[in-house]
Amino acid sequence: MEYQLKNSFLTLTVSTLGAEIQSVVDNNSKCEYIWTAKKEVWPQHAPVLFPIVGRLKNDQYTYKDKTYHLGQHGFAHKKEFELDQQDDTSITLLLKSDEETKKQYPFDFEFRVKYSLVNNLIKEDFIVTNTGSEEMIFGVGGHPGFNLPTNQGLKKEDYYFKFDPSIDHVRIPLEAPLLDWDNRSLVSTNSLFEINDQLFENDAWIFQLDNHPTKVSIKTDKSNYHINVHIDNAPYVGLWSQYPVTADYICIEPWWGISDTKDTNGKLEDKIGMNRVAAGQTWSNGFSMAFHDETK
């Protein structure tokens with residue numbers, strides 16, 4: 001089922017399947033900002049990642065000496081959520097643990113995804129409540145895909161990333177699909193970071209943000225189209241687009257979690273980048289996306 005939020009700037013469409021954004025349309029220019037999920041390229045729009053981000057080594061982990069199997073980015077993006085709350089400016093969708101989730105992930109939880117619409121900005125919040133009797137270990141993140149319009153003579157290569165504040169960041173390389181943690185390096189992100197297909201030949205670019213407030217923007221000097229992703233308190237961000245099958249879109253992914261390292265011991269208790277919430281307690285975090293087209 002799909003729900004909509006609308007104001008004078010934007011129309012947001014969200015599905016209960018995966019609590020995933022389906023569309024963000026500019027009500028003035030009619031521009032579609034969100035990737036259209038072409039099956040031959042990447043068949044998703046903006047999946048929600050939970051209870052892990054990225055890949056596990058051999059798609060499995062152990063917890064309290066029991067082995068569990070869990071695919072890339074967890075299971076939330078494949079699950080039906082229920083409507084929890086809705087008003088004129090926000091909608092909250094809810095996923096609860098059940099016998100099926102416990103086959104892959106042994107914790108009791110309530111996982112809420114809240115979307116709020118304020119002018120030309122959409123806020124995406126993740127709210128994780130531990131409904132069990134022991135500490136819960138989890139990862140969570142966003143994976144929005146953004147269109148790169150190629151009308152009026154524009155090409156994908158005309159767009160670039162811009163980081164604010166304008167400082168260098170530590171990049172975490174991949175030996176796909178796992179992290180090569182020991183070979184992290186300082187990469188220049190204090191200037192324009194040009195987008196092209198070959199950029200993702202070796203999978204995503206992953207940067208440590210160390211929970212510092214950061215804005216990552218998609219811009220071009222050839223139009224006023226730009227998207228700002230505001231990340232107030234995330235340890236990582238991923239930049240990604242499908243390769244070698246390519247198309248005119250790009251993902252900016254705020255993460256509170258990350259893939260396994262290539263030398264992981266496979267224990268969930270030792271997994272890098274995970275969050276912990278005590279029994280009966282709630283953890284929350286999120287990010288926002290501001291959309292701008294020619295008319296703004």
Side-chain angles (χ1 to χ4, degrees), residues 18-20 35 42-63 67-79 95 101 104-107 109 111 113 124 126 128 136-145 169-185 187 199-211 214 216 229 231 233-243 249-277 283 285-287:
E20 183 178 1
W35 167 242
W42 182 54
Q44 294 177 283
H45 303 276
V48 170
L49 318 180
F50 176 85
I52 62 166
V53 173
R55 288 285 292 274
L56 300 169
K57 190 173 185 177
N58 299 321
D59 292 323
Q60 66 182 35
Y61 67 92
T62 61
Y63 178 69
T67 299
Y68 296 86
H69 297 271
L70 190 56
Q72 185 176 25
H73 296 321
F75 50 65
H77 63 283
K78 300 177 181 178
K79 293 289 187 180
L95 177 67
T101 65
Q104 298 176 281
Y105 181 69
F107 300 98
F109 64 84
F111 175 44
V113 182
E124 183 171 343
F126 307 117
V128 180
M136 177 179 167
I137 305 170
F138 68 94
V140 67
H143 197 317
H169 289 86
V170 173
R171 182 191 177 197
I172 308 170
L174 284 165
E175 285 190 12
L178 305 179
L179 301 176
D180 186 6
W181 189 260
D182 291 338
N183 284 310
R184 290 171 294 162
S185 61
V187 172
L199 192 63
F200 306 103
E201 186 174 3
N202 296 313
D203 213 323
W205 284 63
I206 303 169
F207 296 99
Q208 288 183 228
L209 300 181
D210 298 320
N211 301 94
T214 303
V216 185
V229 178
I231 309 166
N233 187 30
Y236 312 104
V237 65
L239 309 178
W240 179 83
S241 188
Q242 185 71 273
Y243 186 90
Y249 78 98
I250 207 78
C251 296
I252 299 176
E253 309 173 34
W255 293 341
W256 292 263
I258 202 165
S259 290
D260 273 350
T261 58
K262 62 182 185 179
D263 59 352
T264 180
N265 64 15
K267 294 182 179 180
L268 189 67
E269 298 94 326
D270 298 334
K271 180 170 168 50
I272 196 167
M274 298 296 272
N275 310 282
R276 286 168 166 77
V277 59
W283 178 102
N285 228 313
F287 65 100

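Not measured: the values here are computed from a predicted model.
H77 places no side-chain N or O within 3.5 Å of a backbone atom of P47 that could act as its donor or acceptor partner. Between the side chain of S259 and the main chain of L178, no donor-acceptor pair closer than 3.5 Å is present. A distance-only check finds no donor-acceptor pair linking the side chain of N58 to the backbone of Q60 [under 3.5 Å].
For the ring-ring contact (aromatic ring centres under 6.0 Å, His included) with F138, the qualifying choice from F107, F109, W283 is W283, the only one to do so.
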Under the side chain to side chain contact (heavy atoms under 4.5 Å, CB included) rule, what do W42 and W35 come out as? Steps first, then yes or no, please. CA-CA 9 Å; W42 182 54; W35 167 242; 3.3 Å; yes

Taking it one step at a time, do D210 and Q208 satisfy side-chain hydrogen bond (donor to acceptor under 3.5 Å, both in side chains)? CA-CA 6 Å; D210 298 320; Q208 288 183 228; 3.3 Å; yes

Would Y61 and T264 satisfy side chain to side chain contact (heavy atoms under 4.5 Å, CB included), going step by step from the backbone distance to the final call? CA-CA 10 Å; Y61 67 92; T264 180; over 6 Å; no

Show, in sequence, the C-alpha distance, side-chain angles and deciding distance for V237 and W255, and conclude whether the side chain to side chain contact (heavy atoms under 4.5 Å, CB included) test is met. CA-CA 6 Å; V237 65; W255 293 341; over 6 Å; no

List the steps, then state whether side chain to side chain contact (heavy atoms under 4.5 Å, CB included) holds for N233 with N211. CA-CA 4 Å; N233 187 30; N211 301 94; 3.2 Å; yes

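Every residue two or more places apart in sequence or in another chain that forms a side-chain contact (heavy atoms from CB on, under 4.5 Å) with S241 is listed here: K156, F200, Y249, I250.
Using a 4.5 Å heavy-atom threshold, the side chains of I172 and Y236 count as touching. No side-chain heavy atom of S185 sits less than 4.5 Å from a side-chain heavy atom of N183. Side-chain contact between L174 and N202 is absent, with no heavy-atom pair separated by less than 4.5 Å. By the 4.5 Å heavy-atom criterion applied to side chains, V277 and N275 are not counted as neighbours. Side-chain atoms of I206 and I258, non-hydrogen and from C-beta on, do get closer than 4.5 Å to each other. Contact annotation: the side chain of V48 approaches that of E124 to within less than 4.5 Å [non-hydrogen atoms, C-beta and beyond]. Counting heavy atoms from C-beta on, the side chains of L95 and F75 come closer than 4.5 Å. Contact annotation: the side chain of L268 never approaches that of T62 to less than 4.5 Å [non-hydrogen atoms, C-beta and beyond].
From L49, atom CG reaches atom CH2 of W256 across 10.5 Å, with rounding to the nearest 0.5 Å. The CG atom of L179 lies 7.5 Å from the CG atom of D260; values are rounded to the nearest 0.5 Å. Atom CD of Q242 sits about 8.5 Å away from atom CG of D203, to the nearest 0.5 Å. E253 contributes atom CD, which lies 10.0 Å from atom CD1 of I231 (distance to the nearest 0.5 angstrom). Interatomic distance, Q44 CD to E20 CD, rounded to the nearest 0.5 Å: 5.5 Å. Residue F207 holds its CZ atom at 6.5 Å from CZ of R171, rounded to the nearest 0.5 Å.
When every heavy atom of F111 is checked against every heavy atom of A76, the shortest pair comes out as CE2-CB, 4.1 Å. Across all their heavy atoms, W205 and L199 have their closest contact at NE1-O, 2.6 Å. Among all heavy-atom pairs drawn from P144 and A46, the shortest one is CA-CB, 3.5 Å. Across every non-hydrogen atom of I52 and G71, the tightest pair is CD1-O, 3.4 Å. Contact record, P106 with Y63: CG-CD2, 3.7 Å, taken as the closest heavy-atom pair. Of all heavy-atom pairs between T67 and H69, the closest is CG2-NE2, 4.2 Å.
Taking the centre of each ring, H143 and W240 come in below the 6.0 Å mark.
Salt bridge present: K262 and D180 bring a charged side-chain N and a carboxylate O closer than 4.0 Å.
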